[in-house]
*Asks:* 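Take a look at the following structure, please.
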2 protein chains.
Amino acid sequence: MNIGEAARRSGLSAKMIRHYETQGLVTARRLANGYRDYAEADLAVLRFIRHARALAFPLEDVRRLLALWRDRNRASADVRRIALDHVAALEAKAQAMQAMAHSLRHLAAHCHGDGRPDCPILNELEKTP
Amino acid sequence: MNIGEAARRSGLSAKMIRHYETQGLVTARRLANGYRDYAEADLAVLRFIRHARALAFPLEDVRRLLALWRDRNRASADVRRIALDHVAALEAKAQAMQAMAHSLRHLAAHCHGDGRPDCPILNELEKTP
DNA sequence: CTTGACCTTCCCATGATGGGAACCCCCATC
DNA sequence: GATGGGGGTTCCCATCATGGGAAGGTCAAG
């Protein structure tokens with residue numbers, strides 16, 4: 001199957017698939033005309049990548065997860081560690097964002113939000129320290 | 001004051017200040033030798049930018065907030081709208097991240113995390129659909 | 001006059017993705 | 001056989017905000 005069909009069936013874009021190839025996550029046989037040729041097994045890899053990316057694993061993590069996935073002698077502890085480290089990163093970012101959102105919501109709640117220029121949001125941003 | 005001192009006193013890096021200049025957020029007088037020269041008023045702008053960036057406003061938003069800040073006839077409603085739109089964006093991202101974190105935590109909780117290869121995380125990632 | 005600490009501009013890298021150009025391939029239809 | 005359309009290929013550029021670093025100008029102190 002060519003890259004277009006592989007894209008359709010994996011839920012990725014052809015661009016992404018080529019990119020993942022340059023990053024060493026997938027490989028594809030080449031036909032005589034230079035076209036990439038994907039087998040069902042490659043599709044499984046592509047879907048794996050899509051699921052991992054849907055959980056926002058960076059490609060570097062995906063590479064390691066794929067290696068573990070292929071390794072029948074893997075230790076589930078290794079997979080777990082990658083996942084939990086990623087969870088920690090996600091939660092840290094999410095909490096930072098929500099803290100910012102809270103501050104801003106608070107400021108906005110005290111802003112008249114009308115035609116007058118007075119605005120606690122700007123007052124906060126212009127603080128001297 | 002030169003860019004190094006402006007950086008120290010604003011809490012930004014000299015690199016960032018130059019970048020903000022290319023983006024039209026700050027301007028600086030130039031000395032005869034080509035060095036940028038900042039006044040106290042410029043420092044206030046730089047600190048404003050730092051505070052806005054600390055709340056993760058994209059530079060485009062910072063540009064608009066600065067324009068409103070300088071405009072004595074601004075309507076606080078305009079500031080508020082920018083802020084609340086940004087809050088919505090932050091919360092959407094934060095929630096998406098926490099949803100991913102939850103899923104992964106759940107999967108990891110069912111993973112032995114020992115030397116055995118069996119792993120629900122990988123099972124999830126390899127799902128066919 | 002040299003040294004070191006500044007400053008300048010310009011280019012490149014990050015991470016994952018999209019856009020688009022220039023060009024090749026294949027098949028169907030006229 | 002020529003043409004057109006819809007594949008494919010590679011390569012470059014843009015995003016967003018920031019850092020790294022090179023090459024070179026400037027200045028003050030020794």
Side-chain angles (χ1 to χ4, degrees), chain A residues 1-39 42 45-46 48-66 82 85-86 89-90 92-93 96-97 100, chain B residues 1-38 42 45-46 48-66 85-86 89-90 92-93 96-97 100:
Chain A
M1 111 191 60
N2 63 22
I3 201 173
E5 193 182 343
R8 259 171 265 122
R9 294 184 53 194
S10 66
L12 299 168
S13 72
K15 280 272 192 185
M16 289 185 223
I17 296 177
R18 293 193 194 97
H19 183 54
Y20 299 154
E21 185 176 320
T22 72
Q23 302 306 300
L25 304 192
V26 212
T27 52
R29 262 168 303 284
R30 295 295 185 125
L31 298 178
N33 58 15
Y35 285 21
R36 289 171 180 81
D37 184 39
Y38 297 90
D42 300 317
V45 172
L46 294 174
F48 183 102
I49 297 175
R50 179 167 63 83
H51 292 138
R53 286 294 302 142
L55 291 169
F57 279 106
L59 291 191
E60 181 56 40
D61 284 7
V62 180
R63 184 204 320 278
R64 283 183 273 175
L65 290 171
L66 270 173
I82 293 174
D85 285 356
H86 180 50
L90 282 174
K93 271 195 198 176
M97 283 181 164
M100 295 186 278
Chain B
M1 107 193 59
N2 62 23
I3 201 173
E5 193 182 342
R8 258 171 265 123
R9 293 184 54 194
S10 66
L12 299 169
S13 72
K15 280 273 190 184
M16 289 185 224
I17 297 177
R18 292 194 195 97
H19 182 55
Y20 299 154
E21 185 175 321
T22 71
Q23 301 307 299
L25 304 192
V26 212
T27 51
R29 263 168 303 282
R30 293 296 185 125
L31 299 178
N33 58 16
Y35 286 20
R36 286 170 181 83
D37 183 40
Y38 296 91
D42 301 317
V45 172
L46 293 174
F48 183 101
I49 297 174
R50 179 167 64 82
H51 293 139
R53 286 293 301 142
L55 291 169
F57 278 105
L59 292 190
E60 181 55 40
D61 283 8
V62 179
R63 183 204 320 278
R64 281 183 274 176
L65 289 171
L66 270 173
D85 285 357
H86 179 51
L90 282 174
K93 273 196 197 176
M97 283 181 162
M100 296 186 278

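What you see below is based on every heavy atom in this structure, not just the backbone, and it leaves out hydrogens, waters and symmetry mates. These numbers were taken from a predicted model, which means no experiment stands behind them.
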*Asks:* Give the rounded distance in Å between these two atoms: CD of Q23(A) and C1' of dT14(C).
*Replies:* 12 Å
*Asks:* How close or far is atom P of dT26(D) from atom CZ of R30(B), stated in whole angstroms?
*Replies:*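 About 14 Å, once rounded to whole Å.
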*Asks:* Can you tell me how far P of dG15(C) sits from CD of E60(A), to the nearest Å?
*Replies:*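 Going from E60(A) (CD) to dG15(C) (P), I get 9 Å.
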*Asks:* Which residues satisfy the side-chain hydrogen bond (donor to acceptor under 3.5 Å, both in side chains) test with R63(A), sequence neighbours excluded?
*Replies:*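 Only E60(A) meet the side-chain hydrogen bond (donor to acceptor under 3.5 Å, both in side chains) criterion with R63(A).
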*Asks:* In whole angstrom, give the distance that lies between atom CG of L59(A) and atom P of dT14(C).
*Replies:*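 Those two atoms, CG and P, are 13 Å apart.
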*Asks:* Could you tell me which non-hydrogen atom of A14(A) sits nearest to which non-hydrogen atom of I3(A), and how far apart they are?
*Replies:* O-CD1, 3.6 Å
*Asks:* Looking only at non-hydrogen atoms, find the nearest pair between M100(B) and A56(A) and report the distance.
*Replies:*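 So the minimum-distance heavy-atom pair works out to SD-CB, 3.6 Å.
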*Asks:* Note down the inter-axis angle between the two ends of the helix from dC1(C)-dG30(D) to dC30(C)-dG1(D), five pairs each, to the nearest 10°.
*Replies:*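 End axes: 50° apart.
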*Asks:* Measure across A6(B) and I17(B) and return the closest heavy-atom pair with its distance rounded to 0.1 Å.
*Replies:*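 Shortest heavy-atom contact: C-CD1, 4.1 Å.
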*Asks:* Where is the tightest heavy-atom contact between S13(A) and A7(A), given as atom of each residue plus distance?
*Replies:*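 Here S13(A) and A7(A) meet closest at C-CB, 4.0 Å.
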*Asks:* Of the options dT8(C), dG8(D), dA16(C), whose atoms approach the side-chain atoms of R53(A) most closely?
*Replies:*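 That would be dA16(C).
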*Asks:* Any donor and acceptor pair, going by atom type alone, linking the side chain of N2(A) with main-chain N or O of E5(A) inside 3.5 Å?
*Replies:* yes
*Asks:* Please find the pair of heavy atoms, one from L66(B) and one from F48(B), that lie closest to each other, and give the distance.
*Replies:* CD2-CD2, 3.5 Å
*Asks:* What is the distance, to the nearest angstrom, from the CE atom on M1(A) to the P atom on dG8(D)?
*Replies:*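 Checked: the CE to P distance equals 12 Å.
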*Asks:* Would you say R50(B) and M16(B) make side-chain contact, with heavy atoms under 4.5 Å?
*Replies:*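 They are not in contact (no side-chain heavy atoms under 4.5 Å apart), so the answer is no.
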*Asks:* Determine yes or no for a side-chain-to-main-chain donor-acceptor pair under 3.5 angstrom, with H86(B) supplying the side chain and L55(B) the backbone.
*Replies:* yes
*Asks:* Measure the distance from CG on N2(B) to C1' on dG25(D) and round it to the nearest whole Å.
*Replies:*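 That distance rounds to 15 Å.
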*Asks:* Do any of residues 5-21 of chain A sit with a heavy atom less than 4.0 Å from DNA chain D, and if so which?
*Replies:*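 Within residues 5-21 of chain A, the residues near DNA chain D are K15(A), R18(A).
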*Asks:* Counting just side-chain N and O atoms, does R36(A) come under 4.0 Å of either OP1 or OP2 of dT9(D)?
*Replies:*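 For dT9(D), OP1 or OP2 has a side-chain N or O of R36(A) closer than 4.0 Å.
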*Asks:* Between side-chain atoms of residues 22-33 of chain A and protein atoms elsewhere (two or more places apart, or another chain), which donor-acceptor pairs fall under 3.5 Å?
*Replies:*
| unit_1 | atom_1 | unit_2 | atom_2 | d |
| --- | --- | --- | --- | --- |
| T22(A) | OG1 | H19(A) | O | 2.7 |
| R29(A) | NH2 | D42(A) | OD2 | 3.3 |
| R30(A) | NH1 | G34(A) | O | 2.9 |
| R30(A) | NH2 | E21(A) | OE2 | 3.4 |
| N33(A) | OD1 | Y35(A) | N | 2.9 |

*Asks:* What residues, two or more places apart in sequence or in another chain, satisfy side-chain contact (heavy atoms from CB on, under 4.5 Å) together with A96(A)?
*Replies:*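 With neighbours one apart ignored, the set is empty.
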*Asks:* Between the protein and nucleotides 23-27 of chain C, which nitrogen or oxygen pairs are less than 3.5 angstrom apart?
*Replies:*
| unit_1 | atom_1 | unit_2 | atom_2 | d |
| --- | --- | --- | --- | --- |
| dC25(C) | O4' | Y35(A) | OH | 3.4 |

*Asks:* In whole angstrom, what separates L31(B)'s CG from dG25(D)'s P?
*Replies:* 18 Å
*Asks:* For dA17(D) and R50(B) - does any side-chain N or O of the residue sit under 4.0 Å from the phosphate oxygens OP1/OP2?
*Replies:*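 False: R50(B) side-chain N/O out of range (4.0 Å or more) of dA17(D) OP1/OP2.
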